[in-house]
Amino acid sequence: MKRRNLFLFTLLLFLPVITWAQINTPGSATGFPGTQNPNDRNSFPNPNTQNNKTSNIGPQKSGRAALDDSTKQVYGPSTMYYLYESDVLNSKDVKRRIDTTLTLFQRYLFQEKSGFLIANLGNDGTAVRQVFVQSPNSLGTQLGYSVYSPYAFQSDQVRYINSKSPYSEVEYNLGGGGQTRLNFNFARNVDSLWNIGISIQRMVADKVLTDAAFKSGEQSLLGQWGLLLHTNYQSKTRKYRLLGHINYFDQGTNDQGGVKLSKSFTADEALKYTDNTAILSSSSSQSNDKFIKFHIYHEYIGWKGLQLFQALDVESRTVKYRDKAFQQSLADGFYPRTYIQYIQAPTEDSLYNENQWSSYSHQTGLKGIYKQFVYRTYLKQRYWTVYNPLNQSKLDRFENYIGLWLNQAFTKNIDFTAEGEYLLGSDYRLKASFQSPFFQVTAQRISYSPNVAQNWVYNTSYRWKNDFANISMDEIYGGISLNAKSIYFKPGLTIQRISDWVYFDSLATSRQSKEDIGVFRTSVDVGGRWNKFSWFTKVYANTQSGPDLIRMPNLLVDANLALDVQYKKLLYVQFGFDIHHQSGYYADAYQPALQQYHLQDVYRVPAFVQVDPYVTLRINRVRLFFKMSHANYGLLTNNYYTAYLHPAMSRVFGYGVKWLLFD
């Protein structure tokens with residue numbers, strides 16, 4: 001409540017100043033959100049990638065000369081751009097513009113931004129999982145404790161900015177259940193060749209289940225910090241380029257374990273109430289995931305067809321879990337067993353799990369361009385080690401990779417890409433894709449190592465040391481794009497065959513299946529625009545064959561309907577509804593001691609429909625949204641579970657603001 005009052009006070013304090021500044025700023029944008037007036041430098045551009053060079057403003061100087069920051073120069077979204085490391089690595093000359101539209105701006109929660117293809121434990125910042133099975137992005141052994149890492153800054157999504165002027169981005173969101181997120185980004189050019197920046201994110205959330213701490217007034221469920229320092233530099237001759245960042249993440253969670261049931265209080269009945277008691281009601285369970293990563297990419301262009309590049313990575317990470325009321329949780333059946341035979345339980349008992357992870361790697365290679373053909377070949381070396389202080393033992397491995405990436409562009413919008421990577425003696429990936437405006441086809445074969453959590457665990461309640469075989473996956477995706485003046489239609493098909501799947505059973509114990517699993521998923525993406533109305537619907541229909549070891553809903557629907565309104569070329573407003581539906585299935589349970597989702601056959605999570613009405617506004621460079629999440633709660637059905645015994649948020653109000661500053 002204190003945070004909410006502080007924000008309202010701050011907003012009321014600055015709203016007159018913001019409004020006055022926007023009203024007195026000349027050259028307001030025209031058109032609906034997502035459009036741009038080409039004659040107005042202050043208007044917001046379309047966020048799609050623009051390959052054309054931005055027109056220069058003011059006197060230009062070559063080399064490392066300072067930028068002209070005189071008052072005659074007007075900065076805005078059209079005077080800055082950013083790029084990803086993959087753009088540089090793949091020799092793509094693109095200038096990406098920041099998104100300044102109102103399109104889906106109201107989707108501020110993590111699972112909403114993913115199109116509801118990611119699920120959590122009902123509150124933002126809690127452990128996440130993919131709704132549909134996905135192939136991994138990296139080969140080699142990974143730590144496997146990864147339910148919080150998606151909230152951190154992702155290396156492949158770091159924006160390397162050329163801002164010309166100091167650029168700031170402030171975003172604040174507040175929703176029910178104390179779901180509060182603050183993001184701050186700042187970047188500036190030291191000179192015309194060098195940019196530095198910083199990104200900070202803070203997320204907190206409150207408990208929705210009652211426990212001992214909640215009764216005493218301590219409502220905090222989690223707290224999260226993220227810090228990103230980034231820089232990019234290009235030499236005067238454009239022969240040398242460097243991109244680098246430092247990524248820090250710290251997540252702390254007071255785990256609750258889900259809703260506590262009894263013989264007379266079933267899972268269905270628990271959905272009728274909002275004051276349920278937590279399984280881990282003693283408030284003695286805590287998880288922590290902390291890491292720091294250093295990354296540097298640099299390249300030297302000797303000739304266009306022969307370029308040298310190198311990427312360096314260093315990571316240090318610690319993952320912990322402790323339940324100081326282990327004996328009580330064990331008696332309640334939350335943990336399956338104990339490996340310690342007590343004559344009498346000690347005064348201070350606990351389940352403790354910790355893994356200290358370190359990795360070092362470099363990727364060095366050659367790349368180049370010949371006409372419309374681009375190639376890249378490389379050697380990668382990686383050393384990782386993981387240490388468990390409970391039994392003072394460690395695992396480590398030195399890995400050698402070779403890789404090749406090829407791309408042939410036939411026209412501006414048609415190209416073919418083939419790539420392969422091989423971890424000597426173990427993992428490999430072979431992938432090919434064809435992209436065109438009318439259809440897309442992707443096929444890949446991947447074999448990858450089980451992670452550390454699947455192969456090696458040692459604590460009071462869980463212990464194993466496995467030597468599982470590699471997991472293999474064949475995947476084919478095909479899609480068609482049909483576009484008319486006011487409507488588009490994009491059907492797609494995904495087929496997966498998975499061998500030697502590693503999973504966690506109903507007791508959260510790691511297992512490997514020797515039977516193949518088949519996944520057949522069709523999708524339809526249809527939408528369009530008519531006058532002031534815009535809409536889209538994405539439908540996924542999923543079926544499986546083989547052992548029932550990967551639990552996914554058979555049907556998932558994500559839809560949006562919006563009405564755009566413009567007032568006196570100054571205020572842009574969008575009224576709309578977000579609609580989400582998911583069919584019933586045996587959704588996984590979650591075990592915080594291992595940070596793993598695992599199978600459960602006790603309860604079939606019922607199907608649900610969630611409707612979220614909202615309104616978003618833009619006044620020049622300030623955007624706001626007001627949203628009622630799960631507005632249909634209690635009307636047709638009760639609440640629903642996002643995971644077994646973890647209820648979704650009931651009807652709550654949320655709002656947020658995002659402000660862009662260019663000087």
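As a basis for the values below, the full set of heavy atoms in this structure was taken, side chains included, without hydrogen atoms, waters or symmetry mates. Everything quoted here is computed from the prediction, not taken from an experiment. Residue indices begin at 1 and follow the sequence shown.
- S447 and N470 are linked by a side-chain donor-acceptor pair at a separation below 3.5 angstrom, with hydrogens and angles left out of the test.
- F608 has its ring centre less than 6.0 Å from the ring centre of H580.
- With a 4.5 Å cut-off on side-chain heavy atoms, S433 and Q440 do not count as touching.
- Judged purely by atom type and a 3.5 angstrom limit, Q106 has no side-chain atom pairing as donor or acceptor with the backbone of T103.
- Side-chain contact between L308 and E299 is absent, with no heavy atoms from C-beta onward closer than 4.5 Å.
- Among residues two or more places apart in sequence or in another chain, the side chain to side chain donor-acceptor pair (under 3.5 Å) test is passed with Y352 by E354.
- Counting only N and O atoms by type, the side chains of T417 and N407 include a donor and acceptor under 3.5 Å apart.
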>> The test is side chain to side chain contact (heavy atoms under 4.5 Å, CB included); show your working for Q372 and K412 and say whether it passes.
In response: CA-CA 10 Å; Q372 292 182 308; K412 183 179 179 181; over 6 Å; no
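- Among F291, Y151, W225, the single residue meeting the ring-ring contact (aromatic ring centres under 6.0 Å, His included) criterion with F249 is F291.
- Residue pairs meeting the salt bridge (charged side-chain N to carboxylate O under 4.0 Å, His left out) criterion with at least one partner in residues 128-155, sequence neighbours excluded, do not occur; the list is empty.
- Side-chain contact check for Y339 and N459: no donor-acceptor pair (N or O, by modelled atom type) lies under 3.5 Å.
- Scanning for salt bridge (Lys or Arg N to Asp or Glu O under 4.0 Å) contacts around E399 gives R382, R397, with sequence neighbours left out.
- Tested against Y590 for a side chain to side chain contact (heavy atoms under 4.5 Å, CB included), the candidates T126, L645, L121, T642 yield a single pass: L121.
- A donor-acceptor pair is defined here as one N or O able to donate and one able to accept, closer than 3.5 Å; no such pair exists between the side chain of Q544 and the backbone of N554.
- Without hydrogens or angle criteria, Q154 side chain to A152 main chain gives a donor-acceptor distance under 3.5 Å.
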> Passes side chain to side chain contact (heavy atoms under 4.5 Å, CB included), I517 versus L549? Steps please.
Replying inline: CA-CA 8 Å; I517 301 173; L549 302 177; 4.2 Å; yes
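- For K371, the salt bridge (Lys or Arg N to Asp or Glu O under 4.0 Å) criterion is met by no residue, not counting sequence neighbours.
- Of the N and O atoms on the side chains of S510 and Q454, not one donor lies less than 3.5 Å from an acceptor on the other residue.
- H362 and Q381 share a donor-acceptor pair across their side chains, judged by distance under 3.5 Å alone.
- Looking only at distances, a side-chain donor or acceptor of N288 sits under 3.5 Å from a matching main-chain atom of Q251.
- Shown here are the ring pair (Phe, Tyr, Trp, His ring centres under 6.0 Å) partners of F153, two or more places apart in sequence or in another chain: there are none.
- The backbone N or O of A587 lies less than 3.5 Å from no partner atom in the side chain of Y597, so there is not a single donor-acceptor pair.
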> Between L117 and Y540, is a side chain to side chain contact (heavy atoms under 4.5 Å, CB included) present by the stated rule, with each step listed?
Replying inline: CA-CA 10 Å; L117 297 179; Y540 301 88; 3.9 Å; yes
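- With no hydrogens or angles considered, no side-chain donor-acceptor pair links D255 and T253 at under 3.5 Å.
- With hydrogens and angles disregarded, no donor-acceptor distance shorter than 3.5 Å links the side chain of N483 to the backbone of Y488.
- Y640 and H630 have their aromatic ring centers within a separation under 6.0 angstrom.
- When atom types are taken as modelled, the side chain of E515 and the backbone of S513 share no donor-acceptor pair closer than 3.5 angstrom.
- Note: Y82 and Y84 meet the aromatic proximity criterion, with ring centroids under 6.0 Å apart.
- Annotation: cation-pi geometry not satisfied between R604 and Y585 (NZ/CZ under 6.0 angstrom from ring centroid, within 45° of ring axis).
- When all heavy atoms of Q307 and S91 are compared, the closest pair comes out as OE1-OG, 4.3 Å.
- D289 meets the salt bridge (Lys or Arg N to Asp or Glu O under 4.0 Å) test with R317; sequence neighbours excluded.
- For residues 449-479, no residue pair satisfies the ring pair (Phe, Tyr, Trp, His ring centres under 6.0 Å) rule, not counting sequence neighbours.
- Although no hydrogens or angles enter the test, the distance criterion places a donor-acceptor pair under 3.5 Å between the side chain of Q596 and the main chain of G144.
- Y148 meets the ring pair (Phe, Tyr, Trp, His ring centres under 6.0 Å) test with no other residue; sequence neighbours excluded.
- Crowding of K538 atom NZ: a count of heavy atoms from other residues, nucleotides or ligands under 6.0 Å not exceeding 12.
- Summarising the geometry of K367 relative to V88, their closest heavy-atom pair is NZ-O, 3.3 Å, with the distance given to 0.1 Å.
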> Under the side chain to side chain contact (heavy atoms under 4.5 Å, CB included) criterion, do L379 and T364 qualify, and how do the steps go?
Replying inline: CA-CA 5 Å; L379 166 69; T364 305; 5.6 Å; no
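- The cationic group of R511 does not satisfy the cation-pi geometry with Y503, failing either the under 6.0 Å distance to the six-membered ring centre or the 45° limit from the ring axis.
- A search for ring pair (Phe, Tyr, Trp, His ring centres under 6.0 Å) contacts involving F536 returns nothing, not counting sequence neighbours.
- Within the structure, ring pair (Phe, Tyr, Trp, His ring centres under 6.0 Å) contacts touching residues 403-442 (residues at least two apart or in different chains) are F434-F439.
- Partners of Y145 under the ring pair (Phe, Tyr, Trp, His ring centres under 6.0 Å) rule, at least two apart in sequence or in another chain, do not exist in this structure.
- Inspection of the D612 and S629 side chains reveals no N or O donor paired with an N or O acceptor under 3.5 Å.
- By the salt bridge (Lys or Arg N to Asp or Glu O under 4.0 Å) test, R337 pairs with no residue at all, sequence neighbours left out.
- A donor atom on one side chain and an acceptor atom on the other are not found under 3.5 Å apart for Q310 and Y378.
- Residue F309 holds its CZ atom at 15.0 Å from CZ of R241, rounded to the nearest 0.5 Å.
- Between the side chain of N388 and the backbone N or O of N355, no donor-acceptor pair lies under 3.5 Å.
- With R551 contributing its side chain and D548 its backbone, the two residues share a donor-acceptor pair below 3.5 Å.
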